[in-house]
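Working notes, beginning with the structure itself.
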2 protein chains.
Amino acid sequence: MEVRRATIKDVAEAAGVGVATVSRVLSGGSASPETRERVLAVAAHLDYRPSALGRNLRQRRTGGMGLFVPDLTDTFYGQLAEGVLACARSAGEPVVLGSTGDDPEQEAELVGMLLEQGVDRVIAVPSGGAETWGPAIKAGMTVVFADRLPSDPSTDVRPPSPSDEGSGAASVSDLMLLDGLPPAPRARPLDVPAVLADDRAGIRTAVRYLRGLGHRRIAFLGGPGHGRRVAAFREAVGAPVDEGLVVFATGSRDSAYAAASGLFQSRPDLTAVVTGGNVLGEAAVLAARELDLRVPRDVSLVMYDDVPWAELCSPPLTVIAQPGRDMGYRAAELVMRAGSRRPRSVLLPTELIVRGSCGPRH
Amino acid sequence: MEVRRATIKDVAEAAGVGVATVSRVLSGGSASPETRERVLAVAAHLDYRPSALGRNLRQRRTGGMGLFVPDLTDTFYGQLAEGVLACARSAGEPVVLGSTGDDPEQEAELVGMLLEQGVDRVIAVPSGGAETWGPAIKAGMTVVFADRLPSDPSTDVRPPSPSDEGSGAASVSDLMLLDGLPPAPRARPLDVPAVLADDRAGIRTAVRYLRGLGHRRIAFLGGPGHGRRVAAFREAVGAPVDEGLVVFATGSRDSAYAAASGLFQSRPDLTAVVTGGNVLGEAAVLAARELDLRVPRDVSLVMYDDVPWAELCSPPLTVIAQPGRDMGYRAAELVMRAGSRRPRSVLLPTELIVRGSCGPRH
DNA sequence: ATGAAAGCGCTAACAA
DNA sequence: TTGTTAGCGCTTTCAT
């Protein structure tokens, strides 16, 4: 029983006015009180809902926004998405979701899909770099990065400049840690606003905490997009960095487990590890258990991201909490406001939540 | 630097053909090989991408599908969403995401939003009942339910008929457990295909397993949408059901914790509990720890949903696993195929994964 | 204050 | 095989 929806024309006819008048009334334009009332009444009676299709075509853009995350089974991205959705809902805007699997190619395809759909705003936890996002921006998209910046392979391993210390907000070029490099031979970094957690402070606090517990051989276990975190780690532990203690996995849980297990086995001398994300934290707990390493007696553990199950572990995990939901909400605000005002990036605070997974060095 | 995208007209002019020809070529219609080639070349050269806006308006429907879940921070729904996205991506279709918070009102609003957007297909983990979904269907939407069926208050507590025993697929009316009731005085149940896990078998297996361990006072801790699961539980334990052992929480983590804690305190005689979802499992672990109940020594625990962190618990949690990702994928298939063929519902198998959270009764 | 009319980019019917 | 044309539902000048 396919029911044709009422169109603006139907309303106009039923109300005895022109379509333009209906359009005006419904979008708050000027109209005589009595006309307005009649139109409103008729519209309500016919259960009229303006079609976004017509409006979008006319305005040559779809409302709403895209949201790209690497993996929705990672609780942190679930939190982020909830934040975006909450903000979008309060504005009545649809959100088109894409899961990139940390794969720049899939991400690029998804960007193409948005373009095709006329969705010109997107919040992304980026997997690709300038080769994806440059074209998107040139095509007129408003993009806001969340949680991380496009990984620039050459910066992932570069130490940060001391200049962005303590800034409450940071431009992308600050955040990309490019300062001090001759900018000439490189492409200009993308000028895209971003909503990030203060990884630097979070990692620094964690490392200092572990140091205070007597730990000297502290490892970092990272994954895709943890470039800024590992940079912060290097800075926090100070040169010379023991490179055998810095290990990376790809995005999958298997890879995370392999990396964690490999780390524990290759460096039995380590006494503490900081993980760049919750999936890696999970892997570290599992690998430690498998290798009969006691937490925190044999190895202390700090995990980036607070997730509900961190408290369930035995012992409960000490974590660097970042406000995932807030980050999503703020990012959605930014992407919606863009245009009216050039948005600045946002740096949100992190917090070290001490539970039971760290102990004094033995 | 706003760049106007090339339109079909641009391509037509540049290729020296009519717009219809371009449209035909691009949608695989008939055209002479040489024309086709020329059009394709020009289109590629102009970086032409057909605008979904124009097509949608013309066809009076938007492509893609909606996806409604209660809460993306619940890992199970993250898995489900990943499945939907995987299927949609392989078809190049956009997915509009909505998080309902288990609130029928929000859900109804989201349905309205989809309608407005011209999205006429939706996969939903439903929160509301016929009052939401009836109108949606009457408006011409294709809807597929996933994970659960609209809760019918009067059926939530009703025992199932024995007739759907072992069926590999089930119609919604079977699944709504309405059989044996006089259908006359009630509204006809929604005739909507669904992708569900075989809760009944899963719960039955779990209860039998606990029984085998000697447990007699087994509790059920449920949440929104766990109507079929509690029905299965009642059936599995058999009459008379000790109603003090059947407890429900609302969707929030706080409520889940309160319910779990309340259950343990009001019924210290229970020796095992089955939870209807992973958030409730989490709450049960936390509440048990808080009350100094040892798992599995003092209380055995079986959680519905397998999630990565189930293995991290001490002891690792025995779970009823359901294939979240597959469920999402199948649901997306169903909603996309609908129209060509009347889709049947799908019942996917569950599996009891025995880890360490159950022990013999003490 | 209001209506008529021109499209937005596309597809589908109809002609040629 | 191809081109012409008529809209899809809406917003937005431009007259009135």
Side-chain angles (χ1 to χ4, degrees), chain A residues 2-40 42-43 46-64 92 114-120 139-140, chain B residues 2-40 42-43 46-64 92 114-120 139-140:
Chain A
E2 183 70 49
V3 180
R4 204 182 72 87
R5 298 251 313 278
T7 73
I8 197 173
K9 207 175 153 196
D10 300 326
V11 177
E13 281 174 8
V17 299
V19 290
T21 303
V22 177
S23 176
R24 262 183 237 113
V25 168
L26 267 58
S27 46
S30 63
S32 80
E34 60 177 54
T35 311
R36 141 169 278 103
E37 194 153 350
R38 190 149 35 92
V39 169
L40 255 25
V42 171
L46 284 131
D47 190 31
Y48 169 68
R49 313 186 54 117
S51 157
L53 268 45
R55 186 188 322 132
N56 292 345
L57 178 58
R58 175 62 219 232
Q59 303 180 159
R60 317 172 77 182
R61 59 179 296 266
T62 303
L114 286 193
L115 245 23
E116 201 163 302
Q117 298 293 326
V119 176
D120 62 356
Chain B
E2 183 69 49
V3 180
R4 204 184 71 87
R5 297 254 312 279
T7 74
I8 197 173
K9 209 175 150 195
D10 300 326
V11 177
E13 283 174 7
V17 299
V19 290
T21 304
V22 176
S23 176
R24 263 183 235 114
V25 168
L26 267 58
S27 47
S30 61
S32 80
E34 60 177 54
T35 312
R36 143 170 274 104
E37 193 154 349
R38 190 149 36 94
V39 169
L40 254 25
V42 170
L46 263 46
D47 190 33
Y48 170 70
R49 312 188 55 117
S51 157
L53 268 45
R55 186 188 324 134
N56 292 345
L57 177 57
R58 173 64 221 234
Q59 302 181 161
R60 315 173 79 185
R61 60 180 296 267
T62 302
L114 285 192
L115 244 24
E116 208 163 288
Q117 298 294 325
V119 176
D120 62 356

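Because the structure is predicted, anything quoted here is derived from the model rather than measured. Letters A, B, ... are given to chains in the order of the sequence lines, protein chains preceding strands, and every chain is numbered from 1.
Taking side-chain N and O atoms only, B/R55 has a distance below 4.0 Å to OP1 or OP2 of C/dT11.
Here the side chain of B/R5 pairs a donor or acceptor atom with the backbone of A/L115 at under 3.5 angstrom. A/S27 places a side-chain N or O within donor-acceptor distance of the main-chain N or O of A/S23, the cut-off being under 3.5 Å.
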Considering only nitrogen or oxygen atoms on both sides, find all protein atoms under 3.5 Å from nucleotides 13-16 of chain C and state each distance.
none

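Interatomic distance, CZ of B/R36 versus OG1 of B/T21, reported as 11.0 Å (0.5 Å rounding). Atom CG of B/L57 is separated from atom CZ of A/R58 by 12.5 Å, given to the nearest 0.5 angstrom. Here the straight-line distance linking atom CG of B/L46 with atom CD of B/E13 works out to 10.5 Å at 0.5 Å rounding. Rounding to the nearest 0.5 Å gives a distance of 8.0 Å between CG of A/L40 and CD of A/E37.
Whole-Å rounding puts the A/E13 CD to C/dG3 P distance at 12 Å. As a whole-Å value, the separation of B/E116 CD from D/dC8 C1' is 17 Å. Regarding B/I8, its CD1 atom lies at a distance of 16 Å from the P atom of D/dT5, rounded to whole Å. Between A/D10 atom CG and D/dC8 atom C1' there is a gap of 13 Å when expressed in whole angstrom units. C/dG7 atom P lies 19 Å from atom CG of B/L53, rounded to whole Å. Here D/dT1 presents its C1' atom at 13 Å from CZ of B/R38, a figure rounded to the nearest Å. Atom CD of B/Q117 is separated from atom C1' of D/dC10 by 14 Å (rounded to the nearest Å).
The stretch residues 29-36 of chain B comes close to DNA chain D through B/S30, B/A31, B/S32, B/T35, each having a heavy atom under 4.0 Å from the strand. Contacts with DNA chain D (heavy atom under 4.0 Å) in residues 56-64 of chain B: B/L57, B/R58, B/R60, listed by number.
Nucleic acid contact for A/G118: none, since no nucleic acid atom lies under 4.0 Å from a heavy atom of the residue. Note on A/S23: a base of the nucleic acid sits closer than 4.0 angstrom, heavy atoms only.
Between A/K9 and A/V22, the closest side-chain pair of non-hydrogen atoms is not below 4.5 Å.
For the residue pair B/L53 and A/Q117, the shortest heavy atom distance occurs at CD1-O, 3.0 Å.
In this structure B/T35 satisfies the side-chain hydrogen bond (donor to acceptor under 3.5 Å, both in side chains) test together with B/S32, sequence neighbours excluded. Applying the side chain to side chain contact (heavy atoms under 4.5 Å, CB included) rule to B/E116 yields the partners A/R49; only residues at least two apart in sequence or on another chain are considered.
Summary for the helix from C/dA1-D/dT16 to C/dA16-D/dT1: the axes at its two ends, each from 5 pairs, differ by 40° when rounded to the nearest 10 degrees.
Along DNA chain D, the nucleotide nearest to B/G54 and the one nearest to B/T21 differ in position, and the one closer to the 5' end is contacted by B/T21.
Of the options B/L26, B/V39, B/D10, a side chain to side chain contact (heavy atoms under 4.5 Å, CB included) to B/Y48 is made by B/L26 and by none of the others.
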